[in-house]
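One structure below.
Reminder, nothing fancy here: chain letters follow the sequence lines and each chain counts from 1. Computed from a prediction, not measured in an experiment: that's the story for all the values here.
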Amino acid sequence: MQEQYNFTEIEQKWQDHWDQTKMFKKTEDPDKEKYYLLEMFPYPSGKLHMGHVRNYSIGDVIARHLTMKGKNVLHPMGWDSFGLPAENAAIKHGTAPAIWTRENIAEMREQLKTLGISYDWDREVATCQPDYYRWMQWIFIKFFEKGLAYKKKNPVNWCPSCQTVLANEQVVDGECERCHSAVGKKDLDQWYLKITDYADRLLTDLETLDGWPTKVKTMQKNWIGKSTGAEVDFAIKDFDKDLRIFTTRADTLFGVTYMVLAPEHPYVKDLVSGTDYEKSTADFMDRLQYMTDIERTSTTLEKEGIFIGRYAINPMNGKEVPIYIANYVLMDYGTGAIMAVPAHDQRDFEFAIKYNLPIIPVIDPKNPEIDLYNLKEAFEAEGDLINSEQFNGKNNVVAIDEFIAFLEEKKIGTKTTNFRLRDWLISRQRYWGTPIPMIYCEHCGWVAEKFENLPVLLPTDVEFTGKGESPLATSKTFQNTTCPTCGGPAKRELDTMDTFLDSSWYFLRYTDAKNENAPWDKEKSDYWMPVDQYIGGVEHAILHLLYARFFNKFLFDLGLCPSSEPFKNLLTQGMVLKDGTKMSKSKGNVVSPEEIINQYGADTARLFILFASPPEKELEWSDAGVEGSYRFLNRVYRLVSELADETKDAADTYKVDSADDKELAFVLNSTIKKVTEDLGTRFNFNTAISSIMILVNELYKYKEIEQRNKALLKYSINCLILLLSPFTPHICEEMWAGLGHKESAYAESWPSVDEKALVKDEVEVVIQINGKVKDKITVANGLSKEEFLELAMKNDAVSALTEGKTILKVIPVPGKLINIVIK
RNA sequence: GCGCGCGUGGCGGAAUUGGCAGACGCACUAGAUUUAGGUUCUAGCGGUAACCCCGUGCAGGUUCAAGUCCUGUCGUGCGCACCA
């Protein structure tokens, strides 16, 4: 074993070794318990950042630890390689997106390899490759066949400067994330996936996800936003159609004083046509047209509306109430129309005050401080019903169901559930994405491409202007085709898919990444799925995780995967910060992983990141902390190289001879216990590492004593290396080999705890008076309460302090402390 | 505005079940080794001159005992934000 810790040489050597021996290649093995460990795959931007290093280091610790514990660990890696940056590079520099992406992947794969993560590289996938997106198209067609993919004309986000549609997530504070111009609306024919069909299951199954952080589940729950209520029909005076509204507050029906329609509501035109209100309505709508969604739906925006000259009739009491249109009612939620109850809804209240509309209370708060007929704000809490005829006197919450039953009986309303979740707009007017495998035929309408013609390849003869329609329209060969049904002339869809689709099923493809006849083999996904542990940033808490759950459920329904949820456990890692803020180019506080690895080695980088903070928490980068980790690895290396010779011929099993031996055996076994627990159940890598540091300190002390037990020393350093090996794999393999072991450290099984070594002869206990520590004494282990009490009372500090006082109570906790309460 | 999380030394953090607050590391101080610097080693390191004592954002409460549980409050971070 070399005396110097030469990380550059060591890391290269072992990376090559793992590569050549295919150490981490895994196959299905029914005799072994499987464990599917997955880290969110990266977008291949070309450079690894610290967030990646953190994500993959965390994963690798778990993977290597469980491998040593005998599990069959699947640990794959791939590339989420479709997306805007590649296309932007094409527009800017003229490089083909495929080439740009391929080069980035190659660069990033090399960087990942320098980190020494235990991936099964044989399962690598890249979503931009035809062998992957072919199956993406196949899945899309399954959605289409099941009626879950449809095309609809709808107002979508439109950037007037880039001349393209933007996804909601690409609209930041009402501006285009690329050019910062204000985003408007445009009516476009787009493909949607019917995720709303799965809304209920996506919501209720959250409860089964015990291994997910509550925060993420709550975010998903709010995003899905289920609310139960009723749809109620209001007749419109002198109009042949009823106005249907949605409300969660059927109990307040008698408090309705006006109605509001969304300005886009289909009735509006007919209601004002040929009346005195036609012009004012048109003017109002013109003004709204120029507002972005963000502005329109901002709570800070003042509520604004106009009366459209019509009246609706309250079905409960026949009262006529005016109909308004207003900016605060949205067309795409519920029915796009509401009943307004200003007394019990703050939004309606503000609107009523502004336009001087009546406010009728129907719930009595039973609070003398609230003047019901002169409200300062809407009363939204519980109370007893008033002004509500036969419902008077009932608790309003209880009465909701009675109201709904009444409505249903009279056939003027039905119990209804609404979701905040909308269908998923997946069309993108972009080049670098999976082509939507649909064909439009004049005779047959929208028809899916035939299976044998998949993949529908991305054409290469396109122009990138960054403007107008999808670049696929500029291809001379792509658009014109024949109809798969009738054989007549037909045109291909020119839009591509949102890249979130690609990442919604990659975890299934990993189970059988090279399959050419199916997206994956059912038996293989049955063996590996679900993912036992998923690790990634919390920024994916809603979209990616919701979409992936949706896909998995759909594929589960098709019988293609064994569980209806894809990810059993989820770990959301915290951000990597520098100087208290997120690392970013614009702030100039980016620390490059490449530089750190060159300067200190991957093991040091990994150790620092894992030691500095628990994985869910934010991590503050510290150059001094990195130095410290480097120092520790040198200290371990020195220790092992100094002891390698001395322990070379020692026996493999040890006997405890002295008090020093006993102490070392105790520290060693507590460390094994602590590291095993921290790695296996808590994922608290920082405390696991600190306990290994304590073991190292103990070994340095032991090394200096005269009567050294060589067998115990040998066993201890072997364990030390194995315990450290999930964190810093290269140096550990090197030290392991340096001790004369022929096999890799990862072929070794994880050290087990000798419980006997954890039992001490003597323990230190605390003596408290009135809950304050006064003394500490060392007593024999396993003392009874009585013996313990007797010893404590004899203690000098106790006698001094209790003299002349009354002892009220004594609470002995054997093995820990005794508390004497005096007065 | 609503929901969720977090407040512990100079810093990152530990205290898993209510039972010794500050493990481990960084920074710092002193000493040893070294021609010197670095490395390495030893010791110290919440406040206080000091023992007593005081100390986990603040104010209360429960308990023999509270960083941990309860109530209120302030600060901070994240998410959602007119969803009827």
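- Rounded to whole Å, the separation between the P atoms of B:rC58 and B:rU63 comes to 23 Å.
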May I have the list of side-chain donor-acceptor pairs in residues 684-696 of chain A shorter than 3.5 Å, sequence neighbours left out?
| residue | atom | partner | partner atom | Å |
| --- | --- | --- | --- | --- |
| A:Thr687 | OG1 | A:Asp678 | OD2 | 2.7 |
| A:Thr687 | OG1 | A:Asn684 | O | 3.1 |
| A:Ser690 | OG | A:Thr687 | O | 3.1 |
| A:Ser691 | OG | A:Ala688 | O | 2.9 |

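- With sequence neighbours left out, A:Phe234 forms a ring pair (Phe, Tyr, Trp, His ring centres under 6.0 Å) with no residue at all.
- Rounded to whole Å, the C1' atom of B:rG7 lies 32 Å from the corresponding atom of B:rC51.
- Listed nucleotides: B:rA14, B:rA84, B:rU16. Nearest to the side chain of A:Pro614: B:rA14.
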**Contact pattern, 5' to 3', of nucleotides 18-34 of chain B - B, S or - by protein heavy atom under 4.0 Å** = -BB--BBSSS-------
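- Residues A:Met339 and A:Val821 each lie close to RNA chain B; by heavy-atom proximity, the contact nearer the 5' end of the strand is made by A:Val821.
- For A:Phe727, there are no ring pair (Phe, Tyr, Trp, His ring centres under 6.0 Å) partners two or more places apart in sequence or in a different chain.
- For A:Ala612, taking side-chain heavy atoms from C-beta onward, the closest of the listed nucleotides B:rG79, B:rG77, B:rG12 is B:rG12.
- Taking atom C1' on both nucleotides, B:rG5 is separated from B:rA49 by 43 Å, rounded to a whole Å.
- Every side-chain hydrogen bond (donor to acceptor under 3.5 Å, both in side chains) that A:Asn6 has, sequence neighbours left out, goes to A:Glu9.
- Side-chain N or O atoms of A:Asn327 include one that pairs as donor or acceptor with a backbone N or O of A:Glu304 at under 3.5 Å.
- Residue A:Ser227 is in sugar-phosphate contact alone, with no base atom involved, counting any heavy-atom pair closer than 4.0 Å across all strands shown.
- B:rG9 and B:rA14 have their C1' atoms separated by 13 Å, given to the nearest Å.
- The gap from the P atom of B:rU29 to that of B:rU39 amounts to 13 Å, rounded to the nearest Å.
- Taking the O4'-C1'-N9-C4 or O4'-C1'-N1-C2 dihedral as appropriate, B:rG9 has a value within 90° of 0 and is therefore syn.
- Straight-line distance between the P atoms of B:rC11 and B:rU34: roughly 38 Å, to the nearest whole Å.
- Judged as a side-chain hydrogen bond (donor to acceptor under 3.5 Å, both in side chains), and not counting sequence neighbours, the contacts of A:Trp621 are A:Asp623.
- The salt bridge (Lys or Arg N to Asp or Glu O under 4.0 Å) pairs that include a residue from residues 813-822 of chain A number zero, where partners must be two or more places apart or lie in different chains.
- Here A:Arg682 lies in heavy-atom contact (under 4.0 Å) with a base.
- Separating the C1' atom of B:rG77 from that of B:rA66 is a span of 26 Å, rounded to the nearest Å.
- Taking the centre of each ring, A:Tyr258 and A:Phe351 come in below the 6.0 Å mark.
- Side-chain nitrogen and oxygen atoms of A:Ser613 include at least one within less than 4.0 Å of the OP1 or OP2 phosphate oxygen of B:rG13.
- Pairing analysis of RNA chain B (Watson-Crick: purine N1 to pyrimidine N3 plus N6-O4 or O6-N4; G-U wobble: N1-O2 and O6-N3; both under 3.5 Å) yields stems of 3 or more pairs at B:1-7 with B:74-80, B:10-12 with B:24-26, B:28-32 with B:40-44, B:57-61 with B:69-73.
- Regarding contacts with the backbone of B:rC53, a side-chain N or O of A:Lys774 is found under 4.0 angstrom from either OP1 or OP2.
- Note: A:Tyr355 and A:Tyr324 have tilted aromatic rings, judged against thresholds of 30 and 60 degrees for the angle between ring planes.
- Residues passing the side-chain contact (heavy atoms from CB on, under 4.5 Å) test with A:His540 are A:Met40, A:His544, sequence neighbours excluded.
- Nucleotides B:rG55 and B:rU8 have their C1' atoms positioned 10 Å apart, rounded to a whole Å.
- In this structure, A:Phe351 places its CZ atom 19 Å from P of B:rA84, rounding to the nearest Å.
- Between B:rA81 and A:Arg420, a contact under 4.0 Å exists linking OP1 or OP2 to a side-chain N or O.
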